[in-house]
Amino acid sequence: MVGHQDDPFYGLTWEWELGRSDMKECSGDWPAVMGFDLGGIEVGDEKNLDSVPFTRIREEIIAHHQRGGIVTLSWHPRNPFSGGTAWDNQDTVAVRSTLPGGLQHRKFLLWMKNVRNFLKTLRTNNDRPISIIFRPWHENNGGWFWWGSKQCTPNEYKALWCMLQDYLLSEGFDNLVWSWSPNLGIKPADLDAYPGDDRVDLLGVDAYQWGAEQDFVRDLESDMTTLTTFCEQHHKLLALTECGLKNLPDPTWWTRVLKPILDKFPICYFLIWRNAKHEYFGPAPGEKNALYFNEMIRSSNVMMLKDIVK
Ligand code: BMA
């Protein structure tokens with residue numbers, strides 16, 4: 001399945017217009033999967049870290065579910081220790097501070113409650129909870145978030161994961177598909193932070209082509225090989241939980257670079273990152289890459305919304 005982050009909120013040439021989507025406008029269909037982010041919900045903000053009102057996020061989650069689509073949520077919470085952003089990676093105490101006995105534990109309980117309160121409102125028109133692929137604490141093997149592997153130990157990371165999960169489970173959420181996704185370049189030691197078979201349903205990797213194409217291909221094939229084996233052995237779902245080539249300098253990237261890799265692995269979706277003006281990752285009408293995107297989605301193993309709604 002094809003996914004797109006923040007698909008219905010903004011595109012290359014527009015913002016906040018209802019009913020629009022760059023992907024739909026160049027392909028005729030919605031992505032099968034839509035990704036949204038909860039960053040900012042923890043402190044009671046009305047808009048998320050990318051200026052999307054949470055009321056809009058709720059409406060689009062419900063709309064996408066009602067049309068038969070799949071929703072995935074990430075969360076880039078602020079640094080509970082410093083008050084900085086999720087990228088405030090200067091200290092090595094932030095994770096520990098959230099845990100029971102930690103200085104920020106009480107504050108973090110409130111933050112989790114704000115997440116809970118939002119998740120509780122994600123219900124169908126006939127009042128049933130909407131299934132969500134929930135993907136907190138991602139890219140932890142990088143050193144850029146306060147929950148990164150340079151910022152906390154694997155045990156602290158797992159304690160953070162479990163605290164959030166146990167809280168939401170105790171609040172009755174049985175509609176969350178728990179997704180764990182390190183960043184491209186997975187090393188054996190990174191699996192020390194894997195929260196456990198009883199705590200993860202779907203594994204993935206976040207993989208962008210920032211540098212040379214051959215490095216991206218080599219690294220993604222290597223990580224996907226590792227994860228495919230892991231998922232087979234542990235009976236988990238596999239996805240490419242974030243991906244993209246920023247601003248698509250090579251319009252043929254979809255069919256020439258990405259698709260041949262995807263074809264080799266049993267992934268259930270790939271989530272293309274957002275189309276913001278200063279950095280876009282998906283196709284848009286009038287862009288040359290849209291031709292190649294459309295060619296990619298014409299393949300029988302690539303599914304947009306209409307392909308999954310029968
Ligand atoms: C990053 C960038 C940021 C954005 C963040 C959360 O990859 O796109 O601009 O704030 O994701 O969506």
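First listed ligand is number 1; within each ligand, the first listed atom is number 1. Along the sequence shown, residues carry numbers from 1.
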- Message: Do N275 and D22 pair up side chain to side chain, a donor and an acceptor below 3.5 Å, judged on atom types alone?
- Response: yes
Tell me whether [X] is salt-bridged to [Y], with the criterion being a basic N under 4.0 Å from an acidic carboxylate O.
X	Y	result
D6	R56	no
D250	K288	no
K113	E171	no

- Residue shell around ligand 1, heavy atom under 4.0 angstrom: L49, D50, H76, W87, W273, R274, E279
- Note on the structure: Per side chain to side chain contact (heavy atoms under 4.5 Å, CB included), Q151 is matched among N89, V93, D91 by N89
- Angle class for the W178/F134 ring planes (parallel below 30°, perpendicular above 60°, tilted otherwise)? perpendicular
